[in-house]
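Working notes for the structure below.
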Number of protein chains: 2
Amino acid sequence: MTTTLADVAARARVSPATVSRVLNGNYPVAASTRERVLRAVDELDYVLNATASSLAAATSDLVGILVNDIADPFFGIMAGAAQSAIGGQEGTGRGGGEKLAVVCNTGGSPERELTYLTLLQRQRAAAVVLTGGAVEDPEHVAAVSAKLAKLSDAGTRVVLCGRPPMEGGGSAVLATLSFDNRGGGRQLAQHLLELGHRRIGYVAGPEERTTTRHRLEGHLKALDAAGIKDDPRLVLHGPYDRRSGYEATRELLDREPGLTAVVAANDTVALGACAAVRERGLRIPEDISVAGFDDLPFSVDAVPALTTVRLPLYEAGAWAGRLAMGAEAPPEGGVAVVRGELMARASTAAPGR
Amino acid sequence: MTTTLADVAARARVSPATVSRVLNGNYPVAASTRERVLRAVDELDYVLNATASSLAAATSDLVGILVNDIADPFFGIMAGAAQSAIGGQEGTGRGGGEKLAVVCNTGGSPERELTYLTLLQRQRAAAVVLTGGAVEDPEHVAAVSAKLAKLSDAGTRVVLCGRPPMEGGGSAVLATLSFDNRGGGRQLAQHLLELGHRRIGYVAGPEERTTTRHRLEGHLKALDAAGIKDDPRLVLHGPYDRRSGYEATRELLDREPGLTAVVAANDTVALGACAAVRERGLRIPEDISVAGFDDLPFSVDAVPALTTVRLPLYEAGAWAGRLAMGAEAPPEGGVAVVRGELMARASTAAPGR
DNA sequence: TTGAAAGCGTTACCAG
DNA sequence: CTGGTAACGCTTTCAA
């Protein structure tokens with residue numbers, strides 16, 4: 001049979017209540033008693049039953065971190081940082097209070113996102129962190145808002161990381177750490193424009209996603225400011241993966257052979273873009289410049305000449321983790337904008353092609 | 001107040017027991033009754049309390065997937081596959097039975113690995129999947145074995161994925177999907193040897209890790225078979241990251257300028273190796289060959305000429321997920337060896353240097 | 001096919 | 001500082 005708190009109490013010759021207090025360390029207990037209890041715990045190899053604790057205390061120690069694609073280091077870095085911030089706190093004791101930070105992979109699917117939120121709601125999760133760009137479909141946005149409101153009502157701390165603030169959902173969301181995607185898109189384009197580039201292709205992310213829209217808006221705004229009129233033929237949408245970058249870039253080069261630069265929605269897409277460019281026998285950056293977003297650790301190896309906007313992923317994730325743990329939310333309605341840094345890794349002067 | 005099963009029962013004019021049966025779908029209920037109950041559930045926006053369910057049923061719907069480094073796509077791909085296999089099953093209904101697959105990042109730390117296992121034990125997890133190479137420290141191995149035994153006793157299904165079978169721990173572990181790391185290491189070395197390479201550097205992973213030891217063993221065995229004596233100066237250990245590959249390769253090139261090939265412990269390390277090689281003005285593969293392991297999606301972009309062993313990460317992860325869900329374990333003591341495929345992406349004939 | 005009631009293992013309040 | 005004891009919300013026999 002599984003040993004219970006009562007077994008420990010019996011062995012230590014104290015009441016269950018006392019054992020509970022020792023284990024949770026949230027109430028004064030005589031040192032000698034504590035000693036006796038802990039010995040009994042060790043002797044019996046007792047482990048608290050979290051489901052019973054949660055039921056009785058009406059609070060769980062589960063913290064869910066939702067990501068769009070667990071195979072993408074962009075999310076891995078943020079989630080890992082959050083998990084460290086959450087997990088690396090309490091002592092390693094047999095006691096309670098230890099948070100269980102876990103990451104849930106939605107795979108970018110709205111349904112799975114909702115499913116996970118429901119599952120976490122069932123668990124009465126202590127906190128939920130939503131990372132990465134959100135889907136903009138009104139119906140889904142409404143569903144998520146409603147879910148978050150319910151979670152929040154039930155005492156779950158809701159934090160957004162790398163995601164724009166929810167429209168009017170301010171009450172349910174404790175804090176929002178949003179990347180300055182518009183600014184990043186603008187920086188990238190401005191940089192290329194200053195170098196003299198005029199024909200710039202853009203491989204955007206999936207439609208209906210906030211990151212996609214914001215980065216593209218920044219890009220187009222910069223072009224507009226430079227007096228370059230929006231050319232829809234130079235913008236292609238696709239998923240945030242390598243293949244999309246490859247295929248879209250081939251298409252862009254077909255449409256506009258005079259292209260001197262390609263901006264990709266993120267670094268993973270940029271890698272595909274590079275492959276397509278190389279395939280055409282073009283050198284980077286001598287013949288054509290390629291720019292990305294995110295600055296994943298491997299992009300420097302993939303393309304030493306890649307221009308990118310480095311987002312402070314680790315810092316943002318860690319901050320989100322702390323907020324989930326109860327840290328004070330930033331002022332201004334709990335919204336903080338996290339800016340990226342432009343990394344121009346090589347000369348990318350406009351080729352004469 | 002939070003609405004409970006009793007509230008639903010009252011509204012549907014049935015007993016709590018009936019509501020439970022409808023929600024779990026594991027007991028016959030009259031269609032009309034079910035209808036009424038479900039309507040009440042929807043009207044009240046009721047969500048099962050998983051902690052209460054788990055306590056009463058003595059089983060949880062939590063499945064934990066432990067990974068060494070969540071920012072490494074190697075783990076992301078496996079974990080994502082496992083999560084899909086686990087999560088994408090039940091209907092999206094409001095009912096129970098839905099598993100909550102979550103991934104836990106140990107960061108390669110033995111303590112955190114144990115902590116997570118304890119946390120999952122507390123939650124009475126339905127299953128636990130341990131992925132990736134294990135630490136070989138005897139004390140830690142014993143601690144993990146003991147933990148797994150306890151989990152297993154408590155009814156948790158334990159699955160190992162991309163990790164060698166536990167010594168004698170067969171009883172606690174339901175199934176083991178182990179990569180053929182020795183064979184992979186051998187393949188890589190043999191390939192290089194056949195091309196005429198004789199001075200081959202090796203950047204190994206961290207000491208005390210099974211993957212590190214096995215891959216290296218395969219490598220050395222192949223060299224030995226070719227009559228090349230083991231030269232400790234050509235083997236360097238370090239963490240599984242880019243920096244390690246960079247620094248170790250610089251050191252190797254200093255020690256042995258006549259090197260014609262470098263084998264890295266995995267593709268991430270290989271990227272660092274490539275950077276170091278390029279820095280010395282050497283071209284790949286004309287001047288020197290670089291080989292890796294794992295075949296991360298981006299490695300082809302980083303180094304089109306990289307030679308690597310592709311491991312079926314997705315398939316292994318999906319299989320592990322199915323096993324965690326209750327699929328039948330493979331025969332042979334539950335151990336299955338998953339082999340990789342050699343990918344020689346470019347000519348890597350031994351340079352004349 | 002449905003209902004009644006006895007737990008499941010902890011927590012937290014109230015006494016002492 | 002410690003003990004007794006109602007909850008906590010659901011599952012699951014056992015009857016009907």
Side-chain angles (χ1 to χ4, degrees), chain A residues 1-38 40-41 44-62 94-98 121-124 126 154-155, chain B residues 1-38 40-41 44 46-61 94-98 121-124 126 154-155:
Chain A
M1 280 315 294
T2 123
T3 73
T4 73
L5 202 158
D7 299 331
V8 176
R11 191 177 231 283
R13 313 197 131 283
V14 295
S15 74
T18 300
V19 178
S20 173
R21 294 198 265 251
V22 169
L23 257 21
N24 290 303
N26 53 6
Y27 212 82
V29 173
S32 62
T33 312
R34 182 203 324 296
E35 201 57 41
R36 206 141 34 90
V37 170
L38 288 181
V41 166
L44 294 177
D45 238 333
Y46 170 72
V47 174
L48 217 52
N49 183 326
T51 62
S53 303
S54 297
L55 178 56
T59 69
S60 141
D61 49 7
L62 233 202
R94 17 241 177 309
E98 296 234 49
Q121 183 185 6
R122 273 198 197 149
Q123 302 281 350
R124 305 297 188 255
Chain B
M1 280 314 296
T2 117
T3 74
T4 73
L5 204 160
D7 298 332
V8 176
R11 190 174 233 284
R13 313 198 129 282
V14 296
S15 74
T18 300
V19 178
S20 171
R21 295 198 263 251
V22 168
L23 256 22
N24 289 303
N26 52 7
Y27 211 82
V29 173
S32 62
T33 313
R34 182 202 326 295
E35 204 56 44
R36 205 141 35 88
V37 169
L38 289 180
V41 166
L44 294 176
Y46 171 70
V47 174
L48 259 175
N49 183 328
T51 64
S53 304
S54 296
L55 178 57
T59 69
S60 143
D61 49 5
R94 17 242 181 305
E98 295 234 50
Q121 184 184 5
R122 274 198 196 148
Q123 302 280 352
R124 304 298 187 256

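Numbers restart at 1 for each chain; the letters A, B, ... are given by sequence-line order, proteins then strands.
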For nucleotides 11-16 of chain D, just jot down a letter per nucleotide in 5' to 3' order: B, S or -, based on protein non-hydrogen atoms under 4.0 Å.
SBB---
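- A donor atom on one side chain and an acceptor atom on the other are found under 3.5 Å apart for B/Thr18 and B/Ser15.
- As rounded to whole Å, 15 Å separates atom C1' of C/dG9 from atom CG of A/Leu44.
- The shortest distance between the side-chain N/O atoms of A/Ser15 and the OP1/OP2 oxygens of D/dG3 is below 4.0 Å.
- Distance A/Arg124 CZ to C/dT11 C1': 17 Å, rounded to the nearest Å.
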Taking distance alone, no hydrogens or angles, what donor-acceptor pairs closer than 3.5 Å link side-chain atoms of residues 29-36 of chain A to residues at least two apart or in another chain?
residue, atom, partner, partner atom, Å
A/Arg36, NH1, A/Ala12, O, 2.6

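- As judged by a 4.0 angstrom heavy-atom cut-off over every strand, B/Thr51 is placed among residues making no nucleic acid contact.
- One distance of note links CG of B/Leu48 with CG of B/Leu23; it measures 4.5 Å at 0.5 Å rounding.
- A heavy-atom distance below 4.5 Å is found between the side chains of B/Asp61 and A/Gln123.
- We find that CG of B/Asn49 is positioned 14 Å from C1' of C/dT10, with the value rounded to whole Å.
- Rounded to whole Å, the distance from CG on B/Leu55 to P on C/dT11 is 11 Å.
- Between A/Leu55 and B/Ala52 the shortest heavy-atom distance is CD1-CB, 3.8 Å.
- Side-chain atoms of A/Val8 and A/Thr3, non-hydrogen and from C-beta on, never get closer than 4.5 Å to each other.
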